Structures are given as C-alpha cells and as structure tokens.
2 protein chains.
Amino acid sequence: MTPSRSGANFFLMPEKPQAKRKLKAPKTAKQRAYHHGDLKAALVEAGARIVERDGVMALSLRGVAREAGVSQTAPYHHFADKEALLAEIAATGFRDLSAEMARRGSGIAGASPRLGALGTAYVVFATENPGRFRLMFGPLIGEKAAYPTLLEASLSSYQMIREAVAAYLEEIGPEEAGGDAENPEAATMAAWSLVHGLATLINDRGFDSEAMGAPDIETLSALVTSYLRNGLGR
Amino acid sequence: MTPSRSGANFFLMPEKPQAKRKLKAPKTAKQRAYHHGDLKAALVEAGARIVERDGVMALSLRGVAREAGVSQTAPYHHFADKEALLAEIAATGFRDLSAEMARRGSGIAGASPRLGALGTAYVVFATENPGRFRLMFGPLIGEKAAYPTLLEASLSSYQMIREAVAAYLEEIGPEEAGGDAENPEAATMAAWSLVHGLATLINDRGFDSEAMGAPDIETLSALVTSYLRNGLGR
DNA sequence: ACCTGATCTTGACGGCGTCAAGATTCTCCT
DNA sequence: AGGAGAATCTTGACGCCGTCAAGATCAGGT
C-alpha cells in the first residue's frame, strides 16, 4: 500500500485524477469523476477483461460490477441494461480491430498486398480477442444497430475494408474490375465475408492450421485471402 | 380424449406406438415410449421451435420443458445439462443444412454451378433458420467437439462442401488448380469461409441486398460466391 | 409377482437481471 | 458561502434461471 495523504480511499486510482479538477475542464465531457472516477470506462474495461478471461457466456452484469469493485446495481447509472454494456464493450472491439488493420496496412504500397494485410489483421484480431469478437458478432447483442457507438465503430471498420477493396479494384483497372469499379459494395461484401468466415470458423471449430499446410494463422489467412484475388485454383 | 383401454394416460400420443410393442423390436433403439413417448425428441423439437420463434437468448431449459408439457427437471433424464440439449438442436440444424445442400445440388451437372448451388443452399438455410444457425456456430455451445452427434453432423456438412470443391478442382484440371488438386483442404476452407461469412453477416447486420444491386438472397449469394471461382474483378 | 431401473415429479438453493427506495456526494446558481 | 437539485452509489427485494436431492410412478425381465 502506498501512503496516501487524502484519508481513507478504498478505491485506489492510478493517482492521476487528483490535482486537475477545478481547472476549467470543458463540461462537454460529462463523465468526469464523481464518486468513483469514471466508473463507466472502468466497467467497460472490467467487462472486456472478463470476456477474454472466462468467455462470453460467463459475462454477468453482477460479475462486472464485482470486478470493478462496486455494487450490483451501480452499472444501471451508466448503462440502460446489460446489453448496453455489452454493446460498449463490442464497440471497443471494433475500434481495436480498426487500429489493428491500420497498423498492419500502413506502409504497404501496393493495393493488393495491402488488402491482404487488412485481411490478415482481421483474422489475427479475431483469434487474439476471441471473446470480444464473439461479442461483436454473436447473438448476445440482439439489435446491434440500436447502439449508436457500436454502429459507428462497426461502420468505421467496414469503411476501411471498403476503401482497400476500392483501391484494389482501381489498381487492377476498369477492364479487369468490370462493373465493380464504380460499385465496390458487392466486392467488399465478398472480401469481408471471406475473412469474417475464416475468423469465425477458426475460433469456433478447432481448426489446426497445420492440417492444411499452413504453419500459423497469418500464413493460413494469406493463403485463403489469396483465393479471393485470384479465384480458386491458380 | 380418445378412448383408451390402458387406463389413465394423460400424455396422449399420436396413437402410433401402441400396437407394435411386443414384436421383437430391436432393443438397440433405447428411447421407445416410457411415460411420455420419446420425450427426448419432443424436447429437441420444442427447443428448435422456441429458438426460431423467440431467438437464441430466449431459450431456457425450463421454457423448453414447459413447451413440451413436462416438469422443469424432466430434461435431465435425457440430457446432461442445457448445453447438451442445445447441441442436439444444433445437430438437427446441420442435418437440415446438409439436406438443403443435397436438395439444391442434386441434378446439377457441372461442378462449378453445383458448387454455387451448395453455397446458395448454405446462405438460404442460414437466413431461413437464423436461430438454429446461431446455435450451430454461436458461443452458446462452448465445446462443440464434446458432443459426438453434433460433431458428426457438422463433419457431414463439411464433407459435402469438400467434395464439391474437389470436384470443381478436378473439373478445371490440375494445371489450373495448381497444388490444390490433391489437397483441397485450403480451397474448401476458403469456400466455406466465404459462404459462412456471408450468411453470418446477412443474419447479424441488417444488410439489405438491394443496396448492392442484388434483388434477393439467392442472387446476392450467387454474386458473392462467383468471386471465389473467378477472383475479384472479372 | 416382485424387483430393478428408467422416468417424471415436487421442492429447494444460489446466481442472475432488474426495479424501488434511500443515502451520499457533486455541481451550480444566487 | 450555502443551499437546492441532480447525479451517483447502496441495500433490499422479486421473479426467472440452471441444477441438485429425494420421492413417486411405471415398464419389463426373472
């Protein structure tokens, strides 16, 4: 226990939100630090931790509250119900997915290898964060479009794939791309379907990548996504 | 109440398992008709009904028992726990998926259109049975390989896709198929990933097929799966 | 005819999501 | 400065859930 000069403080924070409190903080940022200190973010974080540690089905609202060190009903002051909390956790998943795609895609010159890098990023994120990935696409959140932050984060990820597909279609030229050049929606759908299906199947079935000649996830991902660009057999 | 000569029988069955009882029935078929008359099958049926009517998350073991007209703990004499019942429902899903693929694939001559028909069957099954599809691949069943009947049914579906892919690779010839000719695993993975991802995305997001120039599910499915055979842009 | 085991029931326990009511603490206006 | 009012958090309770324990009912082989 590090000594604290502010009396009995059972919820020891990283001692950051301690000095700057009265300094004309823009009041647009509503959730500042009331009793707990941004409990909303702490709950999302605790939920993400539980979901990866114990699995999606072991995620209970009471458990999240317990992990965050508050009472069972405290989350109801920040989320309408359990599903709203799950939606927020899923939104962080989409943001991290976009970040992973940006990380692996940046600095790659050609549109074709860049598209492959995004696909690999997608599969890698799914296998490294299976709990949140299942939350993002699984049935635990019924109406995903009902949560604006989740919708926005997922659309952002979709746009990244869409732009990479469009760039690829442009690179191969309009005579090769056919009618997809000015309407890359269907091609985007195919690309997303491929990586999404691969990620889902890897997570849900126990596919060992060695069984099909791919030593690791990244190689398997590159192998499968190459089919999309070249067609079966090539 | 139809008159019955065998005393008080509260669970009236379709009066089939009534006459042929002592006729050297092979006792390998264990679950014959004790008190209820194949309650196990009735529970699976009731569960499938609930899952399609009210969604995966609304499926409770007590609710299934209620729907079947028995007490809450009656299912425990036929299934180890809730997950075991879900696994059995999911297994019927895989069997119906295989049947749909067989129905749409039979009578199609060329390997390429046959492969496309299987893909369409996959997507159509998923969109017509979203509840069971989510059960088959969602996180509600934790260790799917732990249930032999589920594993067998899913492997059977996998084999159908695999054979169609192998036939297609053979049809286009070894020089086009490259190294995949004698190892169609990776190509099967790609094909399954594509249709599975498409089905999942259609179910979980509210994709309207008109937004991408496909009037209905079947056309969208045919459009997307054509990318697999031809490659992006063509 | 009885016994063994399979089948189904009632009753109970702890955990869950959620509502209601009260206590505490922060913000903001005068 | 100080008090009103809102935001935050707590305790307690309700009904539903999955599951266990113990008893009742019934089928079929000996």
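What you are looking at is a predicted structure, and each value in this text was computed from that prediction instead of being measured. Chain naming here is simple, since letters A, B, ... match the order of the sequence lines and numbering starts at 1 in each.
Atom CG in A:Leu86 sits roughly 14 Å away from atom P in C:dC16 (whole-Å rounding). If you measure from atom CG of B:Leu39 to atom P of D:dC26, you get 16 Å, rounded to the nearest angstrom. Across the protein-nucleic acid pair, A:Ile50 atom CD1 and C:dC16 atom P stand 10 Å apart, rounded to whole Å. For B:Leu61 and C:dC16, the CG to P distance is 18 Å, given to the nearest whole Å. For the pair A:Leu85 CG and C:dG17 P, the interatomic distance rounds to 10 Å; values are reported in whole Å. Across the protein-nucleic acid pair, A:Met57 atom CE and D:dG18 atom P stand 10 Å apart, rounded to whole Å. Nucleotide D:dC17 holds its P atom 14 Å from the NZ atom of A:Lys82, rounded to whole Å. Rounded to a whole Å, the CZ atom of A:Arg62 is 13 Å from the P atom of D:dT10.
The base of C:dT10 lies close enough to the side chain of B:Thr73 for a donor and an acceptor atom to sit less than 3.5 Å apart.
The ring of A:Phe137 has its center closer than 6.0 angstrom to the ring center of A:Phe94.
One finds no side-chain N or O of A:Arg66 lying less than 4.0 angstrom from the OP1 or OP2 phosphate oxygen of C:dG15. OP1 or OP2 of C:dA6 has not a single side-chain nitrogen or oxygen of B:His78 nearer than 4.0 Å.
In this structure, of D:dC20, D:dC9, C:dT18, it is D:dC20 that holds the atom nearest to the side chain of B:Tyr76.
Between B:Glu83 and B:Tyr147 there is a side-chain heavy-atom pair separated by less than 4.5 Å.
With a 6.0 Å radius and a threshold of 12 heavy atoms from other residues, nucleotides or ligands, B:Gln159 has its CD atom above the threshold.
Here the options are A:Tyr158, A:Phe125, A:Phe133, the test is ring pair (Phe, Tyr, Trp, His ring centres under 6.0 Å), and the partner is A:His196; only A:Phe133 passes.
Toward the 5' end of DNA chain C, the nearer of the two residues A:Asp81 and B:His77, judged by each one's closest nucleotide, is B:His77. Looking at which nucleotide of DNA chain D each of B:Ser60 and A:Gln72 is closest to, the 5′-most match is held by A:Gln72.
Counting any heavy atom pair closer than 4.0 Å across all strands shown, A:Ser71 reaches a base atom.
With hydrogens and angles ignored, the 3.5 Å screen pairs no side-chain donor or acceptor of B:Glu218 with any backbone N or O of B:Thr120.
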